[in-house]
Structure formats: structure tokens, C-alpha cells
There are 2 protein chains.
Amino acid sequence: MVDEPSSPGTVRPGGRTARVRAAVLRAAEDALVEHGFAGLDLGDLAQRAEVGRTTVYRRWGSTTALLADLLSDMAEQSLPRTRSGSLAEDLRANARLVRRTLADPRQGALFRAVLVAANGDPGTAEALRHFYRRRVGEWAPCVTEAVERGELPPDTDPFEVIRAVSAPLYYRMLTTAEPLDEAAADRAAAAAEAAARAGAYRRAAG
Amino acid sequence: MVDEPSSPGTVRPGGRTARVRAAVLRAAEDALVEHGFAGLDLGDLAQRAEVGRTTVYRRWGSTTALLADLLSDMAEQSLPRTRSGSLAEDLRANARLVRRTLADPRQGALFRAVLVAANGDPGTAEALRHFYRRRVGEWAPCVTEAVERGELPPDTDPFEVIRAVSAPLYYRMLTTAEPLDEAAADRAAAAAEAAARAGAYRRAAG
DNA sequence: CCCCTAATGGGACTCTGGTTCCGTTAGGAT
DNA sequence: ATCCTAACGGAACCAGAGTCCCATTAGGGG
């Protein structure tokens with residue numbers, strides 16, 4: 001019976017292995033901010049992290065795989081949503097959080113890179129979808145509660161409402177040069193709320 | 001006085017030069033559909049187009065530059081908007097057009113690729129912004145007309161409304177695995193309309 | 001504290017994307 | 001039809017990303 005060769009880093013995940021991983025992921029973030037995804041080079045990362053080039057290639061193999069790792073790391077530490085008791089307030093808080101994330105040099109660069117890498121690499125795409133399911137699911141309850149309070153039609157799809165808040169911000173970031181300011185965030189939240197109240201996100205028929 | 005060396009293809013744009021350009025752009029589209037942007041290789045394109053490898057490198061130099069060229073080519077032939085006289089109808093027509101474009105294997109692949117390439121390459125980013133300004137500007141009048149008919153608040157920003165129609169479709173394409181069906185398009189149009197009626201896209205204060 | 005072996009890291013090697021050189025082909029002006 | 005030269009294209013060349021081999025280091029179970 002032949003033993004499965006088991007990928008490196010799985011048998012002894014602690015100690016040096018953990019330090020190497022942390023150093024490389026950190027270096028990857030730095031490099032992303034500086035050069036973006038296109039300029040990401042595993043050899044360069046090894047130098048920054050003061051780690052052997054061979055190690056980086058062996059552990060991750062490709063820039064997209066490394067990004068997927070980085071993203072799943074980030075998915076762990078998603079901060080809990082705020083709770084204000086008002087739908088308008090909750091959606092605005094969400095919109096501002098998204099805006100702040102995208103506008104932040106470090107996080108914004110990471111998000112752009114992941115969106116980029118998810119095209120063409122199924123593994124990264126799956127990691128990305130997982131991340132958004134989690135993020136959206138975290139905020140969906142504020143819509144459900146609004147429905148229970150009778151503020152929204154009973155068959156409103158909570159996920160769609162939350163996505164509707166983020167969508168304009170991503171679209172603006174990708175297709176225009178205009179800055180992602182707080183006004184844009186508030187507008188996105190207000191629009192989503194108005195559309196939801198009008199029943200645009202009801203499950204059966206719009 | 002030293003002559004500017006003028007980039008190739010500018011002095012004799014017709015005849016063979018035009019044929020080469022057409023063949024390469026065509027080959028690029030094919031390759032995009034097959035392998036996506038990540039798998040785009042200028043050497044491979046040269047073979048497909050039955051053109052010298054040197055020529056491709058000399059004329060475009062990089063995959064991103066080639067995409068920018070491809071996009072500006074496409075910007076020319078943007079079809080005129082339909083006119084129905086009803087805001088709801090116009091927005092839905094727009095949403096369906098966008099959806100059809102993104103869902104089309106050929107055009108969809110191209111759009112994803114351009115969005116990807118625009119990160120990190122300023123030239124491509126500029127071409128992309130130009131394209132969207134044009135596209136959005138093409139459809140903005142249907143909002144202006146609705147304002148004139150008194151259907152929407154007078155200080156509604158037409159561009160924001162049109163962008164609001166596209167945004168959810170792009171967001172869905174990028175972050176989920178769910179298909180871009182016609183229902184999603186209609187929902188996007190309905191949501192934008194409802195938000196606009198509620199005054200979410202007024203210029204001064206939401 | 002020792003031992004076994006997972007994991008790292010240096011360095012040689014390969015393979016391929018991209019450049020350079022220079023001869024050939026063909027636009028288009030006269 | 002002729003000529004000048006813009007543009008093309010084959011082939012040799014170069015650099016750097018990714019792989020392989022093997023010696024060295026250090027987890028962590030006993």
C-alpha cells in the first residue's frame with residue numbers, strides 16, 4: 001500500500017511552518033499594495049519574507065493559490081455586524097463598512113487582486129464565493145428583522161438586499177475613476193432600502 | 001532636429017497592416033473565450049493569426065495593451081438604445097442588453113478580461129472608463145426624459161440611475177456562481193427604478 | 001534529552017516568454 | 001511602372017520564472 005505524499009505543512013503545522021506562512025502572507029499583502037496582482041512574483045515574495053524560494057513554490061505553487069489562502073485567512077476574522085434596530089441605519093453601516101474596506105489601500109488592493117485572480121482559477125473563485133456567502137450571511141439578519149417588524153414585504157430575499165448595497169460600490173470602483181466617498185456609500189444604502197420597500201427583492205415575482 | 005520614431009502601423013494604416021490587425025484581434029477574442037485573460041499569450045496569438053511573432057510584440061507589446069485596443073474597437077460599434085417612452089420599459093431593455101452581453105460567451109469573456117487587465121495597467125483602465133462613459137451616456141437620456149415627464153424628481157442624476165441598473169449584474173457575475181438570467185436583469189431594472197422614484201439618486205442630498 | 005523525519009533552503013538546471021537583428025515583402029506616392 | 005521605405009517575419013539570442021536535487025535545520029512524540 002502506497003502512502004499518500006501529503007502536501008507540505010500539513011503534518012507539522014506549528015512552529016517554523018507557521019512562521020513561514022505568516023511571513024509570506026504578510027509579504028504578499030505588501031507586494032499587492034505596491035505592484036498589484038499583475039506584479040506579484042513568488043520569487044520576490046520569498047526575498048521579502050526572508051524565506052527560501054523553493055519553499056514558497058512548494059507550499060503554494062502559484063500566485064492564485066496563495067491569494068486563495070490569503071482570502072480564507074481573512075474570512076476567519078470578519079467582524080460582526082453592528083445592530084441598531086433600524087433598517088436604514090443597519091444598511092448604511094454595512095455600506096460604510098464595505099466602502100471603508102474597498103478604499104483602504106491594503107484591503108482594497110487585496111480585494112481587487114482576488115477578484116482578478118478568481119477569473120481563470122477555479123480554486124480562487126470558490127474561495128471568493130465562500131467569502132462572500134459568509135459576509136452577506138452575516139448581514140442578512142438585519143433584513144430579516146425588518147421584515148418581521150413589518151417594514152418590508154414578507155417574502156423579501158435578505159441576501160439580495162445586502163448584495164444590492166455592495167453592488168454599486170464595486171461597480172463604481174471597477175468602472176470609474178471617481179473616489180469611493182461616504183456619500184456614495186450612503187446613496188447605495190438608501191437606494192437598496194427604497195427598492196426593498198417597493199418590493200423589488202421579493203422572491204416570487206418582482 | 002530628430003524625427004520622432006512614430007510607432008508602427010500609424011504611417012500606413014491600410015492594406016496589410018489592417019489585415020494583420022484584424023486577424024490578431026480576432027485571434028485574441030478566440031483565445032480569451034478558450035483560456036481567459038490569464039492564459040493569453042502573444043506568441044500563441046501570432047500563430048493563431050498566422051502572423052509573425054515579432055509583429056505582434058512590436059505592435060502591441062503586452063496583452064493589456066492589446067485588450068485596450070480590442071475594447072476601443074468595440075466602443076465604436078455600441079448599438080443605439082431602444083426608445084419605448086416608458087421609464088420602466090427603457091430600464092428593463094437596458095438591463096437585458098447588459099445581461100445578454102455579460103452572459104454571451106464571447107463578449108462576456110472579453111469584459112471579464114478587460115476588467116481584470118484594467119487593474120494595474122493605467123492605459124487599459126483609461127480605455128475602460130472611456131467605454132463606460134460612452135455606454136452610460138448613451139442610455140442616460142431615457143432618465144432625463146422621465147424627469148421631464150415628471151416621473152422622477154427633477155434633480156435626479158441620470159448617470160447614477162443607469163449605473164444602478166448594471167451594478168447588480170456585474171456584482172453577481174463576479175462574486176457568485178449563480179447564472180445571470182433574465183429574472184436577475186428585470187429585478188435590477190425594477191430596483192433602480194424604485195430607488196430613483198424614491199429620490200435616492202438626487203444630486204444634492206439623498 | 002534523543003531521535004526520526006517533516007520542512008526548509010541553496011544552487012544548478014531547464015524551459016519559455018520576450019527582445020534584437022537583419023533580410024524580405026508590399027503600400028502608396030510620384 | 002518605379003522607387004522609397006513602412007511594416008512584416010524568421011532565427012538567434014537573453015533573462016528570468018519555475019523545477020529538481022540534496023544537504024541542513026528544527027518540530028514534537030517518546
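So that the names make sense, note that chain A is the first sequence line, chain B the second, and so on, each numbered from 1. Here the structure is a predicted model, which is why all the values come from computation and not from measurement.
Heavy atoms from other residues, nucleotides or ligands lying under 6.0 Å from NE2 of B:H130 number 12 at most. Counting non-hydrogen atoms of other residues, nucleotides and ligands closer than 6.0 Å to CD of B:Q47 gives a total of 12 or fewer. Annotation: B:R26, atom CZ; neighbour count of heavy atoms from other residues, nucleotides and ligands within 6.0 Å does not exceed 12.
The distance from atom NE2 of A:H35 to atom P of D:dA17 is 12 Å, rounded to the nearest whole Å. In this structure, the CD atom of A:E50 is 16 Å from the P atom of C:dT8, given to the nearest Å. Here D:dG18 presents its P atom at 15 Å from CH2 of A:W60, a figure rounded to the nearest Å. Following rounding to the nearest Å, B:R58 (CZ) and C:dG17 (P) show an atom-to-atom distance of 19 Å. We find that CD of B:Q47 is positioned 13 Å from C1' of D:dG10, with the value rounded to whole Å.
Between B:F111 and B:F131, the ring center distance clears the sub-6.0 Å criterion.
For a distance-only test at 3.5 Å, the side chain of B:R53 fails to qualify as a donor-acceptor partner of the base of C:dG17.
Set against C:dG27, D:dA26, C:dG9, the side chain of A:R16 has D:dA26 as its closest nucleotide. Among the nucleotides C:dG18, C:dA7, D:dG18, the one closest to the side chain of B:Y57 is C:dG18. Listed candidates were C:dG9, C:dT19, D:dG9. Nearest to the side chain of B:T55 is D:dG9. Side-chain atoms of A:D41 lie closest to D:dA17 of the nucleotides D:dG9, D:dA17, D:dA12. Of the candidate nucleotides D:dT19, C:dT8, D:dG9, D:dG9 has the atom nearest to the side chain of B:V51.
Distance check: B:L91 CG to B:I162 CD1 gives 5.5 Å after rounding to the nearest 0.5 Å.
Contacts of B:R19 with the nucleic acid, taken as non-hydrogen atoms under 4.0 Å apart, involve only primed sugar atoms and P, OP1 or OP2.
Note on A:T54: every side-chain N or O is 4.0 Å or more away from OP1 and OP2 of C:dT8. Residue A:R59 places at least one side-chain N or O under 4.0 Å from the OP1 or OP2 atom of C:dT8.
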